[in-house]
Amino acid sequence: MKISNKLAGILAAVLIVLSLSVSTFYLTQKQGFHEDELLTYNLANSSKQLDTEGWNTAEDFNEYLTAGKHRFDYANAYKNQIIDASHPPFYYFLVHTVCSFFPNVFSKYLAFIINIIMMGLSLLLIYKIGKRVTDNNLYALIALGGYALSIACITMTFYLRMYCSLMFFCMAFMYLTLVIYDRKKDIKALDYVLVFLTVLFGVLTQYYFILFAGLTGLVMFIFSIKEKSIKSLLIYIGACAAGFALAFAFYPYIITNVLGGNRGLGSISIDIDTVTIVTYIGYKLLTYVQILVKELFVGQIWLLILLFIAAVGFGIYFRFIKKRKLNRKCCFIIVPAVVYFSLISLISPFNSDRYVAVSLPLISMLFSFTVIKIGGQILKERAKIAVPALVLAVSVLGIIFVKPYYVYNTSSLNDVITKDCVFVGTEVMEWNKCIDKFLKYDETMIVKTSDMSPTLASELDNFAVKRGVVTNGKIGGFIDGYIGSGEKTGDKTDSLKALKDDKKLKSLNEVTVYISRLADNKKVIDYIKKNAGFDKYAIIEKDKDFEEFYNWYDYFVETESYCNVYKFYK
């Protein structure tokens, strides 16, 4: 069944607007930030250095996050990326541009402007990809609805990082590749120019684009060779290579970032054995399956298993019994979706939905097409209504019953009870995770302790063992690696003594104290009671438990789960 282009366009627009509206609603409910979301604003906008051994005002923290002194200063954003050594600069240029129109303003809505535009364009491309692969408006709409109304789409739209921008460039590259593949010898020069620009800005947005484009290009290469479309293939490869070359010329730190940056392959060296590696790989894969289930299958593992078995079974049936070959254009979806998801599950530095985000619309599309195919065989004409209704029902149930990640808003720390604050961390930049909270205080003092939590290694070990990882008691290596990748200040790693001599602190009758989970909580409390003039304290908010998280790293980057927070008073 097909529907008119006009009606399909209207329905696609409705689905896109509905998806973005739901994401906007969740953004309005969002209180608290992932550490990387706060880094988005800092790296895009500021060169401000905070006093990590003394007092900082709310204005200092605001300057750390906003475009004030550095409006439309792209050289500063570029330099920040060189220092951070994690990501290329283009996304930060976009954030900086928006923030520069609102000087000295920190708001979750500023970075969201970019996300909502990029995701809107991505959803349009997902529809166009589905239509080009199936040549059917209705099928394309079903595929669009399956992803647009999923928790996967909604979550990524209000997560304030570069992944919506990455999504757009990946979907654009796939769509343009399909266009060039379809046109054969009638390809327009503009198609190659757009491929060149997509590769250029895709590489400069996030390095995972290279893997996605490589997998898509591999399918294009194989089919072009088989169909002897050599000339168009060579121009296509040339456009891709030129885009990458210009990206490298503009930002030559790409190689060192990927191989040696603080997120690169050389970031952490841990002495672990083969059994640990194998069991950890198993844990990573199962964790990513858990992510997939939550974000696309209403949190129901049985639904994923059922659809997977059905997809494989019907694939075998059509290929070997019905003798029907798979439409080659489906391979443009299958290969990037499956291989990208699998490889990222294995090589990602941590386990998170954001790393596999660009594969999820394609996985959703594959399962949608599977349901359509099966429904057409079993239900015949009734499938015209049943299949869209089923996809819509699953999507709506997901929105209702599955809580998106990154909303937070469960913390009491947004309601401050003292005028001033003290943050006690370690040599890692833990305070960077709580800046949105510090904006609410008149002044915040940041100090460090060299006394690490004596229980953290065993807690991490138990967390890993319960998930099937054979640690052999070497989990402390993860902590050493994590600490080793943080900020170090030579001999000044312990500035707790500043609490003893600080006149402002002595003059206060009460103060809120954040104590990092990496620090020795008991020693810090004892030191404050003995030396800072406060003899009483009460817990404001206790740190959350490891068991509430599927990924140990995300435990350490959420502001609502990273510290024990107290009120000290006289």
Side-chain angles (χ1 to χ4, degrees), residues 35 52-53 268-273 276 280 283 350 413 421-434 445-467 469-500 511-532 534-568:
E35 177 192 13
T52 57
E53 296 181 4
I268 296 178
S269 177
I270 302 171
D271 179 24
I272 52 179
D273 55 34
T276 301
Y280 182 66
Y283 157 65
F350 314 109
L413 301 178
C421 175
V422 171
F423 183 93
V424 182
T426 66
E427 57 187 319
V428 181
M429 293 169 53
E430 298 113 307
W431 49 267
N432 207 37
K433 308 162 181 30
C434 306
M445 186 180 192
I446 300 174
V447 294
K448 303 173 186 177
T449 176
S450 58
D451 291 318
M452 303 297 296
S453 167
T455 62
L456 188 58
S458 61
E459 290 174 28
L460 278 171
D461 193 85
N462 291 335
F463 177 87
V465 169
K466 286 181 180 178
R467 285 154 180 79
V469 181
V470 179
T471 65
N472 293 321
K474 294 183 178 180
I475 200 69
F478 284 92
I479 300 175
D480 294 338
Y482 180 77
I483 298 299
S485 66
E487 178 192 48
K488 293 190 176 183
T489 54
D491 296 330
K492 298 182 179 180
T493 55
D494 196 329
S495 57
L496 208 67
K497 59 182 180 295
L499 300 178
K500 183 177 181 180
V511 67
T512 298
V513 178
Y514 284 65
I515 303 178
S516 165
R517 274 290 283 112
L518 292 180
D520 189 320
N521 193 73
K522 183 178 184 303
K523 283 188 177 181
V524 172
I525 291 175
D526 291 342
Y527 187 91
I528 293 174
K529 288 178 65 179
K530 182 178 179 181
N531 298 287
F534 299 96
D535 55 359
K536 301 175 183 178
Y537 70 97
I539 187 77
I540 295 176
E541 186 165 293
K542 189 180 183 300
D543 176 47
K544 291 186 179 179
D545 190 85
F546 270 147
E547 296 304 318
E548 297 185 43
F549 299 84
Y550 58 73
N551 175 24
W552 72 269
Y553 174 75
D554 276 331
Y555 173 87
F556 289 108
V557 292
E558 295 181 10
T559 60
E560 297 183 26
S561 61
Y562 193 73
C563 300
N564 290 300
V565 184
Y566 303 89
K567 175 185 175 182
F568 279 78

Novice: Might you point out which heavy atoms bring V511 and F534 nearest each other, and give the distance in Å?
Specialist: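 Scanning both residues completely, I find the closest heavy atoms to be CG1-CZ, 3.7 Å.
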Novice: What pairs with N521 under side-chain hydrogen bond (donor to acceptor under 3.5 Å, both in side chains), at least two apart in sequence or on another chain?
Specialist: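 N521 satisfies side-chain hydrogen bond (donor to acceptor under 3.5 Å, both in side chains) with Y566 only.
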Novice: Show your working on side-chain contact (heavy atoms from CB on, under 4.5 Å) between V565 and T512 and close with a plain yes or no.
Specialist: CA-CA 7 Å; V565 184; T512 298; 3.6 Å; yes
Novice: Please check if the number of heavy atoms outside Y537 that lie under 6.0 Å from its OH is greater than 12.
Specialist: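 Atom OH in Y537 is not crowded, with 12 or fewer foreign heavy atoms closer than 6.0 Å.
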Novice: Kindly indicate, with the supporting measurements, whether the criterion salt bridge (Lys or Arg N to Asp or Glu O under 4.0 Å) is fulfilled by D526 and K530.
Specialist: CA-CA 6 Å; D526 291 342; K530 182 178 179 181; over 6 Å; no
Novice: Please evaluate residues T449 and K523 with respect to the criterion side-chain contact (heavy atoms from CB on, under 4.5 Å), reporting the C-alpha separation (whole Å), side-chain torsions for both, the decisive distance (0.1 Å), and the verdict.
Specialist: CA-CA 9 Å; T449 176; K523 283 188 177 181; over 6 Å; no
Novice: Does any donor atom in the side chain of S495 or E53 lie under 3.5 Å from an acceptor atom in the other side chain?
Specialist: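 S495 vs E53: no donor-acceptor pair found between side chains.
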Novice: Using the rule side chain to side chain contact (heavy atoms under 4.5 Å, CB included), only one of M445, E430, K448 pairs with F423; which is it?
Specialist: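 Among M445, E430, K448, the one that satisfies the side chain to side chain contact (heavy atoms under 4.5 Å, CB included) with F423 is E430.
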Novice: Please find the pair of heavy atoms, one from D535 and one from K529, that lie closest to each other, and give the distance.
Specialist: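 Heavy atoms of D535 and K529 come nearest at O-CE, 3.8 Å.
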Novice: Please round to the nearest 0.5 Å and tell me the distance separating atom CG of N432 and atom CD1 of I446.
Specialist: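 Output value for this atom pair is 9.0 Å.
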Novice: What closest approach, in Å, do S516 and G425 show between heavy atoms, and which atom pair accounts for it?
Specialist: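 Minimum heavy-atom separation between S516 and G425: CB-CA, 3.9 Å.
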Novice: Quick one: CG on D520 to OG1 on T455, what's the gap to the nearest 0.5 Å?
Specialist: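 If I round to the nearest 0.5 Å, the distance is 8.0 Å.
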Novice: Show, in sequence, the C-alpha distance, side-chain angles and deciding distance for L499 and N531, and conclude whether the side-chain contact (heavy atoms from CB on, under 4.5 Å) test is met.
Specialist: CA-CA 7 Å; L499 300 178; N531 298 287; over 6 Å; no
Novice: Within this structure, what is the CG-CG distance for the pair D494 and D451, rounded to the nearest 0.5 Å?
Specialist: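 These two atoms lie 6.5 Å from each other.
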Novice: Would you sort out whether N564 and K542 count as a side-chain contact (heavy atoms from CB on, under 4.5 Å), showing the intermediate values?
Specialist: CA-CA 5 Å; N564 290 300; K542 189 180 183 300; 3.7 Å; yes
Novice: Between OH of Y527 and NZ of K522, what distance do you get to the nearest 0.5 Å?
Specialist: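 So the OH of Y527 and the NZ of K522 are separated by 15.5 Å.
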